[in-house]
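When a residue number appears, it is its place in the shown sequence, counting from 1. The model shown is predicted, which means the values in this text are computed figures rather than measured ones.
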Amino acid sequence: MAATADQTLRAVASDETAVDGEGQAAFDRIIEQDSRIEPRDWMPDKYRKSLTRQISQHAHSEIIGMQPEGNWITRAPSLKRKAILMAKVQDEAGHGLYLYSAAETLGTTRDEMMQQLIDGKAKYSSIFNYPARTWADMGAIGWLVDGAAICNQVPLCRASYGPYGRAMVRICKEESFHQRQGFEILLELSNGTPAQKQMAQDAVDRTYAPALMMFGPPDGDSPNSVQSMKWNVKRFSNDELRQRFVDMIVPQAEVLGLTLPDPDLKWNEERGHYDFGELDWDEFKEVLAGRGPCNTQRLERRRAAHEDGAWVREAAKAYAARTAGRQSTELIGA
Ligand code: BYC
């Protein structure tokens, strides 16, 4: 049976003896056809590096992102809320693991990535450098932070790199549950006592702008976007996704009976979108430079957790070595 064009392309892309020119041509065709690059395919170094950068930062965000919520597990207001929050934080650990695995297929080990994080050399989402002050922050994080995550990540399910796109499918399903649980926490508080409603409003006031910054700098200041879109990794620009998010949350805020803290927020009939005010990009740069309200605390906590977990890694390694020894003895014996 004759090979299909796709099989031929992939054979060239995966052929380790292919000279760079042939590999590049096969890679370009796969991207042009909006098909997927797989780990053993030839890919340009810049593609590999940029994906490793984005996926590892994303993995770190999930792992650091466990902290603001993990902090509230012992103080959840009921057993049911505690169980839900524990499940959510556990999901985030799982997301981190899928993403580290996807990044490992590009040739950097999880140990290397983790070392970069605890050495303070890796980025993770700015949002997790803000404190979670009250129980209502669990609602605001779920509704706004996971909501922003979904807006940003649903298009990543179609990212050209296979392992990343496939990891994102599962992650997005879980994020959508996370967003609904946050919305429901806020809805209940908003319909509670005046003090509870105020607590929900304060949490939204604190989280709104940092959540909008999760989409990254404005398009004009985003050095990676253009190339990333050419490679079909990003499908929309930072500003496009930010707009989509604002359009999505305005009617949801109305249902919640809460206001969004932006006096410039209004419907623009001509554009068919909500206009919104300028964000404080100096604050964003400060947070990225390690000078946000919780950067130091988050990294210290991560380092301590890494050190506390050393015995688990050692035990797992010793067990793996022992089982490997047993398996080879069994094989020889067979
Ligand atoms: N925070 O050229 P740009 C979650 C960096 S996890 C920190 O636009 P790009 C969740 C950017 O990395 C949320 N850094 O970059 C978890 C770049 O730095 P380098 C995380 C930021 O990659 C637990 C530089 O600024 N989501 O949702 O084209 C609980 C220039 O930016 C930020 C992901 O990681 C930021 N906000 O676009 C609940 C999704 N923004 O590497 C929820 C996957 C930008 O050049 N990632 N930077 O030194 C992406 O979609 C893209 O990487 C971004 C940035 C949209 C974030």
Side chain proximity check, F245 to L144, heavy atoms < 4.5 angstrom: yes
Y130-V145 co-clustered via ILVMFWY side chain contacts under 4.5 Å: no
Criterion side-chain contact (heavy atoms from CB on, under 4.5 Å) on D275 and D264, from CA distance to verdict: CA-CA 7 Å; D275 288 336; D264 297 327; over 6 Å; no
Heavy-atom side-chain proximity of T259 to Y208 below 4.5 angstrom: no
Partner of Y161 under side-chain contact (heavy atoms from CB on, under 4.5 Å), chosen from N232, T105, V233, L156: T105
Closest contact, heavy atoms only, A149 versus E175: CB-OE2, 4.2 Å
Side-chain heavy atoms of M214 within contact of S61, under 4.5 Å: no
N-O pairing of D202 and R133 below 4.0 Å: no
Any side-chain donor near an acceptor of the partner, D205 and Q201, under 3.5 Å: yes
Approximate separation, where rounding is to 0.5 Å, of D137 CG and T134 OG1: 4.0 Å
Check: N295 side chain, G292 main-chain N or O, donor-acceptor pair, under 3.5 Å: yes
Closest non-hydrogen atom pair, Q181 against G142: NE2-CA, 4.1 Å
Validation row: V250, W267 side chains within 4.5 angstrom (heavy atoms): no
Nearest heavy atoms of L99 and I55, plus distance in Å: O-CG2, 3.3 Å
Main-chain N/O of I118 paired with R302 side-chain donor or acceptor, under 3.5 Å: no
Verdict with supporting geometry, L265 and V246, side-chain contact (heavy atoms from CB on, under 4.5 Å): CA-CA 9 Å; L265 193 62; V246 171; 3.7 Å; yes
Closest approach of L288 to S126 (non-hydrogen atoms, all atoms of both residues): CD1-CB, 3.9 Å
D219 bridged to R242 by N-O distance under 4.0 Å: no
Pair E92 + K88: basic N to acidic O under 4.0 Å: yes
Flag for S176-R180: side-chain donor and acceptor within less than 3.5 Å: yes
Side-chain (K46) to main-chain (Q227) donor-acceptor, under 3.5 angstrom: no
Verdict with reasoning, R36 to I30, per side-chain contact (heavy atoms from CB on, under 4.5 Å): CA-CA 7 Å; R36 282 207 144 138; I30 291 173; 5.7 Å; no
Aromatic ring pairing F284/W281, orientation class (parallel under 30°, perpendicular over 60°, tilted between): perpendicular
Minimum heavy-atom distance T108-M113, with the two atoms named: O-CE, 3.4 Å
Gap between atom OG of S50 and atom CG of L106 - 0.5 Å precision: 10.5 Å
Residue pair W135 / L85, side-chain heavy-atom distance below 4.5 Å: yes
M229 CE: over 12 foreign heavy atoms closer than 6.0 Å: yes
Criterion side-chain contact (heavy atoms from CB on, under 4.5 Å) on H178 and E69, from CA distance to verdict: CA-CA 12 Å; H178 295 171; E69 290 170 306; over 6 Å; no
Distance in Å, Y274 OH paired with D262 CG, rounded so as to fall on 0.5 Å steps: 12.5 Å
Pair Q24, D28: side-chain N/O donor-acceptor within cut-off below 3.5 Å: yes
pair L212-F276: side-chain heavy atoms closer than 4.5 Å: yes
N-O pairing of R110 and E104 below 4.0 Å: no
Pair Q243-D247, side-chain donor/acceptor within less than 3.5 Å: yes
Cluster overlap I150 with V89, hydrophobic side-chain contacts below 4.5 Å: no
Distance in Å, L186 CG paired with T207 OG1, rounded so as to fall on 0.5 Å steps: 8.5 Å
V226 with I31, same ILVMFWY side-chain cluster at under 4.5 Å: no
Parallel, tilted or perpendicular: rings of H58 and Y164 (30°, 60°): perpendicular
Check: A132 main-chain N/O paired with W72 side-chain donor or acceptor under 3.5 Å: yes
Hphob cluster co-occupancy, Y98 + M66, side-chain heavy atoms under 4.5 angstrom: no
Rounded distance [0.5 Å steps], SG in C157 versus CZ in R170: 13.0 Å
Test item: N152 and F215 side chains (from C-beta on) under 4.5 Å apart, heavy atoms: yes
Stacked cation flag R298 on F128, 6.0 angstrom / 45 deg: no
R322 atom CZ, over 12 foreign heavy atoms within 6.0 Å: no
Cationic N near anionic O, under 4.0 Å, E240 to R235: no
Pairwise side-chain contact, N224 with R53, heavy-atom cut-off 4.5 Å (strictly under): yes
Q90 atom CD, over 12 foreign heavy atoms within 6.0 Å: no
Straight-line distance of M43 CE to E38 CD, nearest 0.5 Å: 9.0 Å
Taking every non-hydrogen atom, the tightest pair across P131 and P293: CD-CB, 4.1 Å
Exam field: side chain N191 to backbone L187, donor-acceptor pair closer than 3.5 Å: yes
Same cluster (ILVMFWY, side-chain, under 4.5 Å), L279 and L241: yes
